[in-house]
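Residue indices begin at 1 and follow the sequence shown. Side chains are part of it too, since the values below use all heavy atoms of this structure and drop only hydrogens, waters and symmetry mates.
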Amino acid sequence: MEETNVIEIKDGTIAVASAYPGQQEVIETKDGTIAVASAFPGQQEAVRDRDHKFLTRAVEEAYKGVECGHGGPFGAVVVRDDEVVVSCHNMVLNNIDPSAHAEVTAIREACKKLNRIELSDCEIYASCEPCPMCFGAIHLSRLKRLVYGANAEAAIAIGFDDFIADALRGTGFYQKAHLEIIKVDGTGAFIAEQVFEKTKEKFTLY
């Protein structure tokens, strides 16, 4: 039998009913948001179990990094097709590199292992909410999904202030940055902008 769908709109709810019994999705719109509830309860549970498995691996990496003296208590795992590509932890102290956060390290290693600069078919699991630098790396590497465990405040509470989470949230309570930022103009700005114009034909990244 050919599968057909019936769409009903009522009170802001769109119901998509499959011709096959039990295969339905309900989309509810409220305050401009859309929530999709699968008709397969087991499917959602399977996703949660899967996320828990890989997130647990990231947490294990966080402990491992501290035990090894490599850096702070942060771990990250890159996953592709339900297989772990790399499992990494914070390497700031070991590498004497303030940018060697767990997520950045995992992205670097995953790119090397897969021999490419984009990870659009991969997911990343982080033991803690990524800082702006790590979130930027996640975005630039085109990772398709981010799953994290602890909120940034859990790390901030024990002294990690490099999240600058409030710079994104706009609350300005925890932010402790003391950095002077100057945007030049005139000749300096012109010659810097010309770099992009003069090299644009050499780069087709994605």
Measuring from Glu45:CD to His52:NE2, what's the distance to the nearest 0.5 Å? 12.5 Å

Nearest heavy-atom neighbours spanning Ala110 and Leu119: CB-CD1, 4.1 Å

Note: Gly75 and Ala62 closest approach over all heavy atoms is N-CB, 3.7 Å

Tell me whether Val59 is reachable from Val79 by hopping between hydrophobic residues (I, L, V, M, F, W, Y) whose side-chain heavy atoms are closer than 4.5 Å. no

State the CZ-OH distance between Phe135 and Tyr148, to the nearest 0.5 angstrom. 10.0 Å

Verify the cluster assignment for Val84 and Leu55: are they in a single hydrophobic cluster under the rule of side-chain heavy atoms below 4.5 Å apart? yes

What are the two closest non-hydrogen atoms of Pro73 and Phe160, and how far apart are they? CD-CZ, 3.5 Å

Shortest non-hydrogen contact from Asp51 to Tyr125? OD1-OH, 2.7 Å

Could you walk me through whether Glu118 and Lys144 pass the salt bridge (Lys or Arg N to Asp or Glu O under 4.0 Å) test, one step at a time? CA-CA 10 Å; Glu118 60 86 24; Lys144 67 179 181 179; over 6 Å; no

Same cluster (ILVMFWY, side-chain, under 4.5 Å), Val78 and Val147: no

With distance as the sole test, does Glu129 use its side chain to make a donor-acceptor pair with the main-chain N or O of Ala152 at under 3.5 Å? yes

Partners of Arg80 by side chain to side chain donor-acceptor pair (under 3.5 Å), sequence neighbours excluded? Asp121

Apply side-chain contact (heavy atoms from CB on, under 4.5 Å) to residues Leu114 and Val85 and explain how you reach the verdict. CA-CA 8 Å; Leu114 298 176; Val85 178; 4.2 Å; yes

Does the side-chain contact (heavy atoms from CB on, under 4.5 Å) test come out yes or no for Leu146 and Glu123, once each step is laid out? CA-CA 6 Å; Leu146 160 67; Glu123 305 161 86; over 6 Å; no

Using side chain to side chain donor-acceptor pair (under 3.5 Å) as the criterion, list what pairs up with Glu197, not counting sequence neighbours. Lys200

side-chain hydrogen bond (donor to acceptor under 3.5 Å, both in side chains) with His89: which of His70, Glu67, Glu60? His70

Heavy atoms, side chains only, cut-off 4.5 Å: are Arg48 and Gln44 in contact? yes

Could you give the distance from CZ (Arg145) to OG (Ser120), rounded to the nearest 0.5 Å? 15.5 Å

Ser99 backbone acceptor or donor facing Asp97 side chain under 3.5 Å: yes

In this structure, CG of Asn90 is separated from SG of Cys134 (nearest 0.5 Å) by 8.5 Å

NZ/NE/NH1/NH2 to OD/OE distance under 4.0 Å, Arg108 and Glu103: no

Under 4.5 Å between side-chain heavy atoms, hopping through other hydrophobics if needed: is there a path connecting Val86 to Leu143? yes

For Asn95 and Ala100, the nearest pair of non-hydrogen atoms, with its separation, is ND2-CB, 4.1 Å

Nearest 0.5 Å, what's the CZ-OG distance between Phe54 and Ser87? 10.5 Å

Got a sec: does the CD1 of Ile158 have more than 12 other heavy atoms crowding it under 6.0 Å? yes

Can you list the steps and then say if Arg57 with Ser127 is a side chain to side chain donor-acceptor pair (under 3.5 Å)? CA-CA 9 Å; Arg57 179 76 173 268; Ser127 63; over 6 Å; no

Crowded around Glu201 CD? As in, over 12 foreign heavy atoms under 6.0 Å? no

For Ala126 versus Ala58, what's the shortest heavy-atom pair and its separation? C-CB, 4.2 Å

Any chance you could lay out the side-chain contact (heavy atoms from CB on, under 4.5 Å) test for Arg116 and Cys111, step after step, and finish with the verdict? CA-CA 5 Å; Arg116 48 192 169 92; Cys111 286; over 6 Å; no

Got a second to check how far Ile107's CD1 is from Cys88's SG, nearest 0.5 Å? 10.0 Å

Shared ILVMFWY cluster between Val66 and Met91, side chains joined below 4.5 angstrom? no

Other ILVMFWY residues reachable from Ile191 by side-chain steps of under 4.5 Å: Phe190

